[in-house]
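A short write-up of the structure that comes next.
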Amino acid sequence: MNIDQFLRQSLNTALVELYHIKQPPDTLVLQPTRKEFEGTHTFVTFPYAKKAGKSPQELGESLGQYLEQHFPEVKSYQVVKGFLNITFQDRVWLDKFRLICDSEHWGKEASNGKTAVVEISSPNTNKPLHLGHMRNIFLGFSTSNILEAAGFQVKKVCIVNDRGIHICKSMVAYKNFGEGSTPESTQTKGDHFVGRYYVKFDQVYKEQIGDLIAQGLEKDQAKLQAPILKEAQSLLKKWEDQDPDTIALWEQMNQWVYSGFDQTYQTMEVGFDKVYYESNTYVLGKDIVNVGLETGVFLKKEDQSVWVDLTDEGLDEKLILRGDGTSVYMTQDLGTADLRFEDFNFDTSIYVVGNEQDYHFKVLFKILERLGRPYAKGLYHLSYGMVDLPSGKMKSREGTVVDADQIMEEMIDTAEKHTLELGKIEGLSEQEAQALYKTLGLGALKYFLTKVDPKKRMMFNPEESIAFQGDTGPFIQYTYARISAILRKGQALALDSIDPVLPKSLHPSEGSLIHLLNEYPHKITTAAKEYAPSVIAQYVYELAKEYNRFYAEVSIFNESSDDLKSFRVQLSKQVARTINMAMSLLGINVPERM
RNA sequence: GGACCCGUAGCAUAACUGGAUAGUGCACCUGACUACGAAUCAGGAGGUUAGGGGUUCGAAUCCCUUCGGGUCCA
């Protein structure tokens, strides 16, 4: 039984015995004890004081006394202003430590037989990936890893937005200004190559609007009349009519983009189980509309457009299909939801999509529920805030974005500079050194993007970039490398016994380390339940910090007793193991030295 | 016109979902390497949790309201 449960049951017994208060154990209010007080677990007595007819202070005292007398696991207690703080015997922690050492599957739940689908990234094929995508991607992959550790089978999918007017804009600009150049001929990464023409389109478009206004047109009219826009629209029409030349160009340009994306994904160390293309899925959903009309979930208006009325839920009426029979995003998303369920028969499906789509997903899920889809209750929108720059919002058309490839490169360069300054990696080959810089640079980036609550907008300052000190990826990586050095030495001294003699008592920092280690499985559960990588990030930071404190407070190899030395080596080893696992849940590697 | 999200020291963030004196990092000041790795550790300073009102043993958290920032729907 875990300590939490044990304490809940014991408190339950005490409340019944002393005050005849029957309170289900799992409803008792427990919380971690604050650092400045003795103990690890705190029971909040206020809610029960009235029923017991005692002051919170008295109630705490009596309960504490009861626990101390009846349960040998409880070492001592302390009541501060109605908060009952409980300290367990060192033996309890040592038993836990033994279990952790012996458990081969530590930090990995057994399969729960359920499948989760996670939709990640969903890029457009007209421009390179930027910082916003990175937040999406790292959040999505980390969430996937966490769900896997919590026992799910996870499928990572990506929907590529490869059709529509935005692609045609790049195509038009390329036709007019490309002069037959290619990524190869210009030595440019494919996605950047295509993105350039998207920006070019916008430049020309703006010039043309300016010219038209100068000729006396209203601004709104000018926006509609600009020749290059009309050209893009006619190209979209041609694409829909399957014009061979247009299709060929479209395929060619998309191919360039994909090869660029692949390279970026490789640097990020991510990959997908299945990729959907919108050019295939945008026709889906129309059948669903017909069925929905028959069953009365949808209604048809005079202009033949199809709507759903959600006003009784506090939402609006929402367009499902246009009067001319063409799709809107909602039509398509209904179709892909069904398709995805056919493909994976999932229990949970998570959409990692920015919070500007909060309303859209609320409506989508509601409609699927009304359509009686069996999977509807397993849908979840993992919504995240925008990434802001000091200069304001990122706008790809205006080129004010932080490019993913560029930022990764800069981070890796910074890591290299930093590492060379510190000069601690003698003996690494050039190849190992390069791998290390990547590990550190990407570690800093991934940690930065996953440690924050996804809901919040976040600020990214490219000038100050991302630090390597304090609450950062490299701080944790450093702790791991530090422990690795200890383990190497422990091995050399033959102190790395798998079955060390456990000490009779614990140094306080040893106790808190074991307590923290013991928390890890709970953190996975919480993180999986809430789809919150930040839970893991915060945990692993706390663990690394606690280890560094331990490291400063006690010595390992200067102890006189071999038993104690090997115990501390073993403790270090378990910390390293846990850091490694937690970091890999965030998609971050840890180095043996740095 | 309607709806949703956000506001915590100079900056960036946390608070176990209503619990203790609101934690932590950066930056700033002070100390610790002739000791297992100083990308570290120990300490200091910095807060009317945007403002006001309410709910209660207790509010950053829930309700009302004002202000500021952002988003969506037609």
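In the text below, chain A, chain B and the rest are named by the order of the sequence lines, each starting its count at 1.
Dashed line: the shortest gap from a side-chain N or O of K456(A) to OP1 or OP2 of A14(B) is under 4.0 Å. Residue R34(A) places none of its side-chain N or O atoms closer than 4.0 Å to OP1 or OP2 of A22(B). OP1 or OP2 of U21(B) lies within a sub-4.0 Å distance of a side-chain N or O belonging to K81(A). Between Y478(A) and A39(B) there is a side-chain polar atom (N or O) within less than 4.0 angstrom of OP1 or OP2.
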Which protein N or O atoms sit under 3.5 Å from an N or O of nucleotides 26-33 of chain B?
none

Tabulated below should be each protein N or O lying under 3.5 Å from an N or O of nucleotides 42-45 of chain B; please produce it.
unit_1 : atom_1 : unit_2  : atom_2 : d
A42(B) : OP1    : R549(A) : NE     : 2.9

Pairs under 3.5 Å (N/O, protein and nucleotides 55-60 of chain B):
none

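Rounded to whole Å, the separation between the C1' atoms of A35(B) and C41(B) comes to 14 Å. Across A50(B) and G68(B), the matching P atoms stand 16 Å from one another, rounded to whole Å. A distance of about 15 Å separates the C1' atoms of G23(B) and U61(B), rounded to the whole Å. The C1' atoms of A14(B) and U8(B) are separated by 10 Å, rounded to the nearest whole Å. Distance check on atom C1': A60(B) versus U13(B) gives 14 Å, rounded to whole Å.
Residue H418(A) is in base contact, counting any heavy-atom pair closer than 4.0 Å across all strands shown. Q538(A) comes within 4.0 angstrom of the backbone, heavy atoms only, and of no base. Within 4.0 Å (heavy atoms only), Y541(A) reaches sugar-phosphate atoms of the nucleic acid but no base atom. Among the heavy atoms of the strands lying under 4.0 Å from K489(A) are primed sugar atoms or P, OP1, OP2 only; no base atom is included. If you check every strand for non-hydrogen atoms under 4.0 Å, N85(A) touches a base. Among the protein residues, T419(A) comes within range of the nucleic acid bases, having at least one heavy atom under 4.0 Å from a base atom. Y359(A) comes within 4.0 angstrom of sugar-phosphate atoms only, judged by non-hydrogen atoms across all strands, and of no base. Within the nucleic acid shown, K545(A) comes within 4.0 Å of sugar-phosphate atoms alone, with no base atom in reach, counting heavy atoms only. As judged by a 4.0 angstrom heavy-atom cut-off over every strand, A481(A) is placed among the base-contacting residues. At the heavy-atom level, M458(A) lies under 4.0 Å from the strands shown only through sugar-phosphate atoms. In this structure, V554(A) reaches the bases: a heavy-atom distance under 4.0 Å links it to at least one base atom across the strands shown. Looking at heavy-atom distances under 4.0 Å, T42(A) makes contact with a base.
Salt-bridge formation is detected for the pair E546(A)/K35(A): a Lys NZ or Arg NE/NH1/NH2 atom is positioned less than 4.0 Å from an Asp or Glu carboxylate oxygen. For the pair K565(A) and D562(A), the salt-bridge criterion is met [side-chain N within less than 4.0 Å of a carboxylate O]. With respect to the salt-bridge test (charged N to carboxylate O, under 4.0 angstrom), the residues E542(A) and K523(A) do not qualify. Of the charged side-chain nitrogens involved, at least one lies within less than 4.0 Å of a carboxylate oxygen, so that R8(A) and D4(A) count as a salt-bridged pair. Between D333(A) and K318(A) there is no salt bridge, since no side-chain N of the basic residue sits under 4.0 Å from a carboxylate O of the acidic one. Salt bridge present: D471(A) and K451(A) bring a charged side-chain N and a carboxylate O closer than 4.0 Å.
Remark: G1(B) base-pairs with C73(B). Criterion, Watson-Crick or G-U wobble with two distances under 3.5 Å. Of the nucleotides present, none pairs with A45(B) by Watson-Crick or G-U wobble criteria with both distances under 3.5 Å. Shown here, G10(B) forms a base pair with C26(B); the pair counts as Watson-Crick or G-U wobble because both key distances fall under 3.5 Å. Across all strands shown, A59(B) forms no Watson-Crick or G-U wobble pair with both distances under 3.5 Å. Across the strands present, A39(B) finds no partner; the criterion is a Watson-Crick or G-U wobble pair with both atom distances under 3.5 angstrom.
RNA chain B is contacted by E592(A) of residues 577-592 of chain A, taking any non-hydrogen atom closer than 4.0 Å. Against RNA chain B, the stretch residues 555-563 of chain A makes heavy-atom approaches under 4.0 Å through S555(A), I556(A), F557(A), N558(A). The stretch residues 435-446 of chain A comes close to RNA chain B through L440(A), each having a heavy atom under 4.0 Å from the strand.
Side-chain contact of Q574(A) with R577(A): a donor-acceptor pair under 3.5 Å is present, judged by distance alone.
Side-chain contact check for K438(A) versus Q434(A): every heavy-atom pair is 4.5 Å or farther apart. Counting heavy atoms from C-beta outward, L310(A) and K362(A) have side chains that stay 4.5 Å or more apart.
Remark: of the listed residues I320(A), L321(A), L293(A), L293(A) is the sole one forming a side-chain contact (heavy atoms from CB on, under 4.5 Å) with K300(A).
R322(A) pairs by the salt bridge (charged side-chain N to carboxylate O under 4.0 Å, His left out) definition with nothing, not counting sequence neighbours. Under the rule for a ring pair (Phe, Tyr, Trp, His ring centres under 6.0 Å), the partners of F468(A) that lie at least two apart in sequence or sit in another chain are H418(A). Legend: residues meeting ring pair (Phe, Tyr, Trp, His ring centres under 6.0 Å) with Y359(A), ordered by chain and number and at least two apart, are absent. Annotation: ring pair (Phe, Tyr, Trp, His ring centres under 6.0 Å) contacts of Y351(A) (sequence neighbours excluded): F361(A), F365(A). With sequence neighbours left out, Y19(A) forms a ring pair (Phe, Tyr, Trp, His ring centres under 6.0 Å) with no residue at all.
Annotation: cation-pi pair R482(A)/Y551(A) present, NZ/CZ under 6.0 Å from the ring centroid and within 45° of its normal.
Residue pairs satisfying the ring pair (Phe, Tyr, Trp, His ring centres under 6.0 Å) criterion with at least one member in residues 567-594 of chain A, sequence neighbours excluded, are listed as follows: F97(A)-F567(A).
Computed from coordinates, the K301(A) NZ to A74(B) P distance equals 11 Å when rounded to whole Å.
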